[in-house]
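A short worksheet on the structure shown next.
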Amino acid sequence: MRRRLIKKLCMVFGPRLPRIWLILCLASVFVLIVFSSSSSSSSSSSSSFDSVTVTVKPDIYANYRRLKEQAITDYLDLTSLSSGSSNLKDLRLCGKEREHYVPCYNVSANLLTGFTNGDEFDRHCEVSQGEPYCLVRPPKDYKTPLSWPVGRDVIWNENVKITKDQFLSSGSMTKRLMLMEENQISFHSDDGLMFDGVKDYSHQVAEMIGLGSDTEFHQAGVRTVLDVGCGFGSFGAHLLSLKLMTVCMAAYELTGSQVQISLERGLPAIIGNFNSRQLPFPSLSYDMVHCAECGILWDAKDGLFLIEADRVLKPGGYFVLHGSSLSTKKGSMASPIEEFTRKICWTFIAQQEDTFIWQKTSDPQCYSSSMQGVIPPCREEREDLQSYYQPLASCVSGTTSKRWVPIQNRSSSSQITPAELELYGIQQDEFYEDFETSLSALRNYWSLLTPLIFSDHPKRPGDEDPLPPYNMIRNVMDMNAHYGGLNSAFLEEGKSVWVMNVVPIRAPNTNTLSVILDQGFAGVLHDWCEPFPTYPRTYDMLHANGLLSYLVSERCSITNLLLEMDRILRPEGWVVLSDEVGSIEKARMIATQIRWEARVIDLENGSDQRILVCQKPFVRK
């Protein structure tokens with residue numbers, strides 16, 4: 001038996017086999033035997049992963065690495081780990097205090113660093129640098145979220161950081177919650193049982209801007225809404241049912257987080273505030289900014305918060321403010337807000353009880369007129385700055401942008417026209433190629449993932465894709481979104497998901513985020529050399545094409561990136577990375593160290609790209 005093995009090794013490596021190669025190969029064969037035996041006794045998720053790799057169509061993917069190549073790679077990975085060349089050799093699970101940990105929001109550390117006057121509540125990633133590596137663990141009684149759309153209306157209360165007292169005291173309109181059982185939080189669904197009047201409120205806002213019903217928001221040019229201080233997402237959930245992309249945005253909270261609960265429900269949300277820095281969106285991003293009892297003093301800091309709201313609003317867009325503290329007497333609003341909105345060329349259009357609505361001007365010349373010149377337009381060089389946590393500005397942005405198009409004048413279709421692409425300076429071929437490539441890739445990914453995601457819910461005869469509530473992927477992040485091609489592909493395929501399209505701030509063309517938002521999608525600018533502003537376990541699937549090699553070129557850490565992905569990915573969630581061979585191999589090694597189930601897939605078309613598909617385990621071994 002031994003001679004037969006040596007003879008085979010000689011056929012691979014030549015007749016004169018060096019002793020080191022012999023040792024290497026024997027060690028590799030031993031490792032493969034151990035791996036194969038352990039895989040047979042692994043968890044059900046691992047077994048299902050292996051079963052899928054066998055059934056992938058050969059015309060789409062080639063086989064995995066040849067035995068010799070895989071053995072050498074695994075051996076090198078093991079020697080790298082044992083030699084301590086990786087910073088993760090002592091990686092351990094974080095303590096209980098980090099179950100809901102969000103980097104860059106350490107208020108006590110910010111105070112020690114010297115941040116005051118509210119700035120200590122802002123995002124300060126430089127203060128968090130140098131923190132030790134560890135894997136953020138889920139709470140002890142964490143449970144897999146219920147599948148969509150059931151999971152929108154019922155969540156496990158142990159999955160989020162909120163106490164019963166906080167829950168019972170959250171009585172505002174947009175926090176319409178009731179405790180259904182000991183271990184669940186229930187949100188009223190759209191079945192007519194709207195005790196808090198969210199439907200009535202939405203209908204009221206529509207009437208105030210001159211519509212017959214909230215189903216006509218699209219006719220008024222409203223497709224995207226930034227819901228500031230969104231409660232627990234009830235108003236946003238209703239608008240999403242009307243096909244309006246509504247993004248919840250709220251400040252970082254230690255307990256009872258609005259953003260965490262909204263994401264747990266499968267609703268778009270991001271941490272952010274109007275304290276001292278601009279939001280990570282370009283100018284002219286949203287059709288409506290909504291605030292219901294959001295706790296922001298809009299006339300503070302000489303109106304800088306209202307100027308920032310004006311920056312992200314599109315021409316002709318609406319600013320909706322609801323709150324009992326706004327009225328000084330019936331039929332009037334607090335005078336400082338009233339005076340300042342005139343300075344930024346907003347028209348007050350309606351009031352009903354405690355709800356006030358303004359409309360941003362459609363005329364960019366308004367800001368430079370002698371009557372309204374108190375708040376000047378920004379200089380052109382400031383217009384070109386990437387809006388990534390820049391200090392709040394006391395000037396009006398977007399007035400010279402080619403994208404200054406009133407929302408009432410644009411097509412009701414979400415499709416970007418060739419003429420609009422010219423405004424962004426984007427080639428048509430690049431834009432449409434991004435969609436076609438993403439659509440093709442999505443179909444390939446889905447052929448791999450579908451048997452896993454729906455393994456407990458067999459398809460009925462004739463069904464190509466089980467409909468909700470059998471969809472276990474709802475929150476998707478495209479970490480290098482390009483032109484939003486993956487988002488468009490999901491829509492084309494009829495998948496019941498939403499996508500957070502992230503555009504890296506150092507990308508060659510950050511104008512792509514404007515294209516993404518103008519298609520009615522959710523999106524944000526981000527620096528992937530830093531953590532992402534969200535709570536742990538808030539995304540079901542992470543996707544990135546070309547991000548790893550991009551980070552290498554920027555001298556950022558792939559290790560830090562994968563640890564951050566592990567933090568924001570829910571247990572049993574999926575990662576799909578496409579990149580160059582070297583970057584994928586490094587990512588695969590790190591994925592193994594943080595105990596993901598990982599497989600590298602070779603494309604058959606001779607491409608130098610590889611695909612890394614990973615699943616985060618429910619329990620780490």
Side-chain angles (χ1 to χ4, degrees), residues 65 69-70 72-74 76-81 83-89 91 103-104 125-126 128-133 135 280 386 388 430 434 437-438 441 445 477-483 485-486 500-510 512-513 524-532 539 541-569 574-596 598-603 606-614 616:
R65 306 281 195 218
E69 184 179 355
Q70 185 65 58
I72 293 175
T73 302
D74 288 337
L76 293 176
D77 289 351
L78 289 171
T79 55
S80 175
L81 289 174
S83 65
S85 62
S86 169
N87 292 329
L88 300 181
K89 63 176 182 177
L91 193 64
C104 305
C125 292
E126 67 280 6
S128 301
Q129 290 178 352
E131 292 182 345
Y133 290 143
L135 299 174
Q386 294 176 338
Y388 186 70
E430 293 180 5
D434 180 51
T437 302
S438 298
Y445 301 156
M477 178 185 289
D478 192 357
M479 303 172 69
N480 191 17
H482 301 285
Y483 301 103
L486 182 69
M500 178 60 74
N501 296 278
V502 182
V503 175
I505 62 167
R506 298 186 181 95
N509 187 359
T510 53
T512 60
L513 182 55
V524 67
L525 288 168
H526 183 62
D527 183 354
W528 280 117
C529 299
E530 301 175 349
F532 189 82
Y539 283 89
M541 179 177 176
L542 305 177
H543 171 271
N545 181 8
L547 180 63
L548 301 178
S549 54
Y550 158 77
L551 283 180
V552 171
S553 68
E554 293 294 328
R555 298 185 178 181
C556 297
S557 170
I558 292 181
T559 298
N560 288 355
L561 177 70
L562 266 70
L563 287 172
E564 176 63 2
M565 293 167 67
D566 182 84
R567 184 183 70 85
I568 67 180
L569 187 67
W574 294 90
V575 173
V576 180
L577 301 175
S578 175
D579 219 301
E580 299 172 353
V581 176
S583 297
I584 287 293
E585 283 301 312
K586 182 173 183 180
R588 185 185 66 81
M589 183 182 72
I590 299 169
T592 302
Q593 292 174 274
I594 59 180
R595 290 160 255 178
W596 289 355
R599 294 291 185 274
V600 175
I601 298 174
D602 297 339
L603 298 177
S607 171
D608 60 352
Q609 297 286 104
R610 297 290 185 272
I611 298 175
L612 177 64
V613 180
C614 305
K616 178 179 176 179

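Note that the coordinates shown come from a computational prediction; the quantities given were computed from them, not determined experimentally. Residue numbers start at 1 and run along the sequence shown.
Tyr388 places a side-chain N or O within donor-acceptor distance of the main-chain N or O of Asp527, the cut-off being under 3.5 Å. A distance-only check finds a donor-acceptor pair linking the side chain of Asn480 to the backbone of Asn545 [under 3.5 Å]. For Lys616 (side chain) and Leu569 (main-chain N/O), a donor-acceptor pair under 3.5 Å exists by modelled atom type. Of the possible polar contacts, one joining the His526 side chain to the Glu530 backbone as a donor-acceptor pair under 3.5 Å is found.
The shortest distance between side-chain heavy atoms of Leu562 and Val575 does not fall below 4.5 Å. Contact of the Cys125 side chain with the Pro531 side chain is registered, since non-hydrogen atoms from C-beta on lie closer than 4.5 Å. With contacts defined as side-chain heavy-atom distances shorter than 4.5 Å, the pair Met479/Tyr539 does not qualify. Side-chain contact between Leu561 and Leu548: present, with at least one pair of heavy atoms (C-beta onward) separated by less than 4.5 Å. By the 4.5 Å heavy-atom criterion applied to side chains, Ile590 and Gln593 are counted as neighbours. Side-chain contact check for Tyr133 versus Asn560: some heavy-atom pair is nearer than 4.5 Å. Contact annotation: the side chain of Gln609 never approaches that of Ile611 to less than 4.5 Å [non-hydrogen atoms, C-beta and beyond]. No side-chain heavy atom of Ser438 sits under 4.5 Å from any side-chain heavy atom of His482.
Contact between Ile584 and Leu577 at its shortest, heavy atoms only, is CD1-O, 3.7 Å. What you find for Asn501 and Ala481 is that their closest heavy atoms are CB-CB, 3.6 Å. A pairwise comparison of heavy atoms in Leu612 and Ala598 identifies CD1-CB, 4.1 Å as the closest pair. What you find for Cys529 and Leu551 is that their closest heavy atoms are SG-CD2, 4.4 Å.
A salt bridge links Arg610 with Asp602: the distance from a Lys NZ or Arg NE/NH1/NH2 to an Asp or Glu carboxylate oxygen falls below 4.0 Å.
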Please evaluate residues Val552 and Lys586 with respect to the criterion side chain to side chain contact (heavy atoms under 4.5 Å, CB included), reporting the C-alpha separation (whole Å), side-chain torsions for both, the decisive distance (0.1 Å), and the verdict. CA-CA 11 Å; Val552 171; Lys586 182 173 183 180; over 6 Å; no
Test side chain to side chain contact (heavy atoms under 4.5 Å, CB included) applied to Asp434 and Glu430, step by step: CA-CA 6 Å; Asp434 180 51; Glu430 293 180 5; over 6 Å; no
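Once rounded to the nearest 0.5 Å, the distance linking CD of Glu554 with OG of Ser549 reads 11.0 Å.
Ring geometry, Phe532 versus Trp528: the interplanar angle falls under 30°, so the pair is classed parallel (tilted spans 30 to 60°).
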